[in-house]
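Notes to accompany the following structure.
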Amino acid sequence: MTDSILKIQAVRKTYVSVRTGDTIEALAGIDLEVPAGEFLAVVGPSGCGKSTLLSLVAGFTQPSAGEVLYRGQRVTGAGPERGVMFQDYALFPWRTVLGNIEFGPLARGVALTQRHARARELIRLVGLDGFENRYPHELSGGMRQRCALARMLANDPEIWLMDEPLAAVDQQTRTILQDELLRLWGDAARRPGAPTVIFVTHAIDEAVLLADRVVVLARRPGRIKAVIDIPLPRPRPAQRGSPQFAALVAQVWDLIRDEAAKAIVEEIDR
Ligand SMILES: Nc1ncnc2c1ncn2[C@@H]1O[C@H](COP(=O)(O)OP(=O)(O)O)[C@@H](O)[C@H]1O
Ligand SMILES: [Mg+2]
């Protein structure tokens, strides 16, 4: 059996609402192990703690109880081996595409020529050739996400932590970027040290398309409702529309339906 790169043990996370002073139990007793090289998707209704879970692994926030262990070490902060692509972790508006992608390596003291060479390679890989000197506001939503992807990859992270990275792009762009993400991950996986991915999405079809396993979270408090294996063969883009694909999407949706309905009612009640 492959060693787990990430172990989440009895993790709880509570927040205190600044507005009301109430305690919010965002995550209650999460246990999860992620083997190296796995593509794991996390789905669940709004407010079930998906972003909190990813922030804990990224080291942006600390658990209220329990442990997050990365390669056996307790996570106490961010690190270049854990790359993030968060929805609200925007590009630097005052830096060009090249400047954004180079930022991590620059901060780590990587030499200019090496930094440039890697950034140019990534720009080509994510299909941003000819746009290296543009600023984020001069790019489409899909191009900004390509840039954010390249920025994450610039540190050669061992694990890719992605929080709804495609939620804000149109359906066609989304399909293209899903395929490109799978291609990039597949290419990287052929080299030693295949990257591990934790991909948060509220789109069930996206989770089934991309992942080896799908973690379904329930809400209030956030906890693991089920973990579903996705045994579909790769390459995955060819699986879109297959009967097995549809059956897995239906299986995950069955687990989420009630929770999603409750989430809607609570949003209305507020
Ligand atoms: N910084 C915070 N302060 C207070 N409550 C928070 C904070 N971040 C998240 N929460 C609450 O924790 C719960 C889980 O949030 P989150 O992890 O963002 O869920 P998701 O990403 O699944 O929508 C929600 O009820 C949310 O309102
Ligand atoms: Mg979220």
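Counting starts at 1 for both ligands and their atoms, following the listed order. Because the structure is predicted, anything quoted here is derived from the model rather than measured.
Side-chain contact check for Ser17 and Asp22: no donor-acceptor pair (N or O, by modelled atom type) lies under 3.5 Å.
The shortest heavy-atom distance from Arg219 to ligand 1 is not under 4.0 Å. Proximity of Ser17 to ligand 1 is not established, as no heavy-atom distance is less than 4.0 Å. Heavy atoms of Gly44 come nearer than 4.0 angstrom to ligand 1 in no pair at all.
Take a cut-off of 2.8 Å around the Mg ion (ligand 2): the protein N, O or S atoms inside it are Ser51 OG.
The N/O atoms of Ala26, backbone and side chain alike, include none that comes under 3.5 Å of an N/O atom in ligand 1. Taking distance alone, with nitrogen or oxygen atoms compared against 3.5 Å, Lys50 approaches ligand 1 more closely than that limit. Taking any N or O of Ile24, backbone or side chain, none lies under 3.5 Å from an N or O belonging to ligand 1. Distances between N or O atoms of Val16 and those of ligand 1 include no value under 3.5 Å.
Which parts of ligand 1 touch Thr52 is read off a 4.0 Å heavy-atom cut-off, strictly below it: atoms 15 (O), 16 (P), 17 (O). Of all the atoms in ligand 1, the ones that sit under 4.0 Å from a non-hydrogen atom of Ser46 are 23 (O).
For the pair Pro233 and Gln239, the minimum side-chain heavy-atom distance is below 4.5 Å. Using a 4.5 Å heavy-atom cutoff, the side chains of Val43 and Val215 are not in contact.
Within the structure, every pair that satisfies the side chain to side chain donor-acceptor pair (under 3.5 Å) test and touches residues 7-16, not counting sequence neighbours, is listed here: Arg12-Glu25, Lys13-Thr61, Thr14-Ser64, Tyr15-Thr52. Sorted by first and then second residue, the salt bridge (Lys or Arg N to Asp or Glu O under 4.0 Å) pairs with a member in residues 127-144 read Arg120-Glu132; sequence neighbours excluded. Identified under the ring-ring contact (aromatic ring centres under 6.0 Å, His included) test for residues 101-152, with sequence neighbours left out: Phe92-Phe103.
Between Asp212 and Arg234 a salt bridge is recorded (basic side-chain N to carboxylate O distance below 4.0 Å). Taking 4.0 Å as the cut-off between side-chain N and carboxylate O, Asp156 and Arg118 count as a salt-bridged pair. Salt bridge status for Arg151 with Glu102: absent, with no side-chain N to carboxylate O gap under 4.0 Å.
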>> Using side chain to side chain contact (heavy atoms under 4.5 Å, CB included), reason through Val75 and Leu56 one step at a time and then give a plain yes or no.
In response: CA-CA 8 Å; Val75 171; Leu56 289 165; over 6 Å; no
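For atom 21 (O) of ligand 1, the choice among Ser51, Gly222, Ser55 with the nearest heavy atom turns out to be Ser51.
For the residue pair Ile101 and Ala150, the shortest heavy atom distance occurs at CD1-CB, 3.6 Å.
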